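One structure is given here, and the rest of the page talks about it.
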Amino acid sequence: VGVRNASINMHARRGSVERAAAIFRSMAHPETKDVISWNVMLAAYANAGMGAEAVLLLRRMQQHGYSPDRVTYVNFLNACDKREMVEHGRSIHARIVVQSKSAPGLCPRTNTVVGCALCSMYARCDSIEEAAAVFCSMEQHNVVSWNAMIGAYAQHGCASLALAVFGSMQQQGVKADAVTMISVLDACASAGDARLGSQVHGWSQQLELRSAALDNAAVNMYAKSGRVAAARQVFEGMQVQRRTVMSWTAMVAAYAGMGHVEQAFRLFYAMQQEGVRPNHVTLISILAACSHAGMLQTGCLYFASMVADYGVRPGQEHTGCIVDMVARAGSVDQAHRLVERSGTGGD
RNA sequence: GUUUAUACACGC
């Protein structure tokens, strides 16, 4: 069983939920499966953002007579990643509370993993009040729970609340880590506060919290504050080897967002020369840049050859760019043809 | 090599 579970996990981690699910399905007989099998599969769905599948899986798990454990619940909460799923999250929350009376390890007030999972679940589902309520009810805080709360506020554009929580964290003497600084930079980005942001970036360097993600967050923070040059400077300061797809994409998006289409394309080519594959997000930025610049031909070419050139299937975001672009040009027929040919079925 | 919490890029 262990071998199979490991193999489900391996496929899921390599991005093939299909393969993972196939192995899981092949474990048809009850004796060949254990709680971990279900948990691994649930985690796979959660990481792939497949909330609906996670809901069905949890249901089936119980129908088959398995009792969810703490990992099951945490994995499931992880799968609740949008507003529409908040009710699922709430009902699991309620169950956790009830069951924690006989299973203390489940208690969100005393178990930080469960608490953080609930807090971030509510944040992802846009229920910031409930996220804060969970956070406040926790008796034990660690760096992760503080980070979760800072990140929750930052992502909802509540920059000053995020910074306030960051302040309390420091008052409590909890040492910030790289994730903390990323979340704070995120808050600065949403506030467009490059002054504070650069200070935060400076602190993190002093604290020797260097990571690619941190630099990416700084690039993004400057870009969102309209300071492309500063963003570029951080980007240039990164070791070429350490630049990830996200670094490049952030920089492409920064130029695209400022209407510097030429520069966006230059980086888009440069990243490929460095052997970094553009992903679906990179292509959204490129298509958006074409759209804003009225580069109808170029945009349609990239859209049409995305799969062949980059292995990226057009999603509704890409289609949205094209529709937008074509709407500006007033040639709706061409848009229909492209969209239908690519089979994305976007609206 | 079996499963669990927080973080960075993206159109309208």
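Only a predicted model underlies this, so the values are computations on that prediction, with no experimental measurement involved. By convention in this document, chain letters (A, B, ...) are assigned in the order of the sequence lines, proteins followed by strands, and residues within each chain are numbered from 1.
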Could you give the CE-to-P distance, from M238(A) to rC8(B), as a whole number of Å? 15 Å
Would one find a side-chain N or O of H280(A) under 4.0 angstrom from OP1 or OP2 of rG11(B)? no
Verify the contact: side-chain N or O of Q155(A) to OP1 or OP2 of rC8(B), cut-off strictly under 4.0 Å; return yes or no. yes
Only residue of D69(A), N9(A), N75(A) satisfying side-chain hydrogen bond (donor to acceptor under 3.5 Å, both in side chains) with N39(A) is D69(A)
What is the separation between atom CG on N142(A) and atom C1' on rA5(B), rounded to the nearest whole Å? 9 Å
Ring centres under 6.0 Å, that's the criterion: do F135(A) and Y153(A) meet it? no
V71(A) has a side chain; which of rU4(B), rG11(B), rA7(B) sits nearest to it? rU4(B)
Go through rC10(B), rU3(B), rA5(B) for me and flag the one nearest to the N39(A) side chain. rU3(B)
If you look at every strand shown and take non-hydrogen atoms under 4.0 Å, does M181(A) touch a base, only sugar-phosphate, or nothing? nothing
N216(A) CG to rA9(B) C1', in whole Å, measures 7 Å
Check this for me: does the side-chain of N78(A) come within 3.5 Å of the base of rA5(B) through a donor and an acceptor? no
Whole angstroms only, please: what is the OH-P distance between Y153(A) and rU6(B)? 18 Å
Options rG11(B), rC8(B), rG1(B), nucleotide nearest the side-chain atoms of C321(A): rG11(B)
Does a side-chain heavy-atom distance below 4.5 Å link D215(A) with H201(A)? yes
Give a yes/no answer on whether the side chain of K224(A) brings an N or O atom under 4.0 Å of OP1 or OP2 in rC8(B). no
From CG of N111(A) across to P of rU6(B) the rounded distance in Å is 13 Å
Rounded to whole Å, how long is the line connecting atom CE of M121(A) with atom P of rU6(B)? 12 Å
Length of the line joining H201(A):NE2 and rC8(B):C1', which is rounded to integer Å: 11 Å
Answer yes or no: does a side-chain N or O of R13(A) lie under 4.0 Å from OP1 or OP2 of rU2(B)? no
Find the distance R277(A):CZ to rA9(B):P and express it as a whole number of Å. 23 Å
Under a 3.5 Å distance rule, please check whether S305(A) uses its side chain to pair with a backbone N or O of A308(A) as donor and acceptor. no
Any donor-acceptor N/O pair, R124(A) side chain to C80(A) backbone, under 3.5 Å: yes
So if I take every side-chain heavy atom of D186(A) and compare against rU3(B), rU4(B), rA9(B), which nucleotide ends up nearest? rA9(B)
Would you indicate, yes or no, if rA9(B) has its OP1 or OP2 atom less than 4.0 angstrom from a side-chain nitrogen or oxygen of N220(A)? yes
Could you pull out the closest heavy-atom pair between S127(A) and R90(A), with the gap in Å? OG-NH2, 4.4 Å
Does H141(A) reach a base, just sugar-phosphate, or nothing at all? Heavy atoms under 4.0 Å. nothing
Would you say that F166(A) contacts M181(A) through its side chain, given a criterion of any heavy-atom pair below 4.5 Å between the two side chains? yes
Which nucleotide, rG1(B), rA9(B), rC10(B), lies nearest any side-chain atom of A250(A)? rA9(B)
When all nucleic acid strands are considered with a 4.0 Å heavy-atom cut-off, which category describes A213(A): base, sugar-phosphate, or nothing? base
How is S120(A) classified with respect to the nucleic acid when contacts are heavy atoms under 4.0 Å: base, sugar-phosphate, or nothing? sugar-phosphate
When you measure from the side chain of V74(A), which nucleotide among rU6(B), rA5(B), rA9(B) comes out closest? rA5(B)
Of rC12(B), rA5(B), rU4(B), the nucleotide closest to the side chain of D324(A) is rC12(B)
Pick base, sugar-phosphate or nothing for V40(A), based on heavy-atom distances below 4.0 Å to the nucleic acid. sugar-phosphate
Which listed nucleotide (rU3(B), rA7(B), rU6(B)) is nearest to the side chain of N9(A)? rU3(B)
